[in-house]
Novice: 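I have a structure here, written as structure tokens, and I will follow up with some questions on it.
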Amino acid sequence: APELHESLSKMRVDPEAADVFALGVLLFSVVTARLPFQGATDEEVVANIRAGSFDMPSRLSQPLRDLLKSMLAVDQKQRPSLAAILNNVW
């Protein structure tokens, strides 16, 4: 999760929100067979994670795209709860 990165360590980390981000990465990987955040170097990957920059495949259904976008939100307060994910229409 972006908030876990060393340079952002002054933020208060919500453990559930960090788990939701990790689950978003996992779900994205399962449905696309690739990681959401790409880069030529580790620094580029970290920069893309912190910026929330990733390409969403257009072949995914809109409900799944919306769920992934919310789970991978940079702002931990904008991520859905685990209960909301379980009740998601996707």
Novice: CG/Leu68 to CZ/Arg65 distance, rounded to the nearest 0.5 angstrom?
Specialist: 9.5 Å
Novice: Could you tell me which non-hydrogen atom of Ile85 sits nearest to which non-hydrogen atom of Pro80, and how far apart they are?
Specialist: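 For Ile85 and Pro80, the tightest heavy-atom pair comes out as CG1-CG, 3.8 Å.
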Novice: Using distance only, find each side-chain donor-acceptor pair of residues 52-62 under 3.5 Å and give its atom names and separation, not counting sequence neighbours.
Specialist:
| residue | atom | partner | partner atom | Å |
| --- | --- | --- | --- | --- |
| Ser61 | OG | Leu64 | N | 3.3 |
| Gln62 | NE2 | Asp66 | OD1 | 2.8 |

Novice: In a table with atom names and distances, give each donor-acceptor pair under 3.5 Å that connects a side chain of residues 16-33 to protein atoms at least two apart or in another chain.
Specialist:
| residue | atom | partner | partner atom | Å |
| --- | --- | --- | --- | --- |
| Glu16 | OE2 | Leu82 | N | 2.9 |
| Ser29 | OG | Val25 | O | 2.9 |
| Ser29 | OG | Arg34 | O | 3.4 |
| Thr32 | OG1 | Phe28 | O | 2.6 |
| Thr32 | OG1 | Arg34 | N | 3.3 |
| Thr32 | OG1 | Arg34 | O | 3.1 |

Novice: Does anything in residues 67-90 form a ring-ring contact (aromatic ring centres under 6.0 Å, His included)? List the pairs, not counting sequence neighbours.
Specialist: none
Novice: Answer yes or no: is there a donor N or O on one side and an acceptor on the other, between the side chain of Gln78 and the main chain of Ala73, under 3.5 Å?
Specialist: no
Novice: State, yes or no, whether a side-chain contact exists between Gln38 and Val45 at a heavy-atom distance under 4.5 Å.
Specialist: no
Novice: With rounding to the nearest 0.5 angstrom, report the OG to CG distance, Ser81 to Leu86.
Specialist: 8.5 Å
Novice: Show the nearest heavy-atom pair for residues Leu72 and Pro36, with the distance to one decimal.
Specialist: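 Leu72 and Pro36 have their closest heavy atoms at CD1-CB, 4.1 Å.
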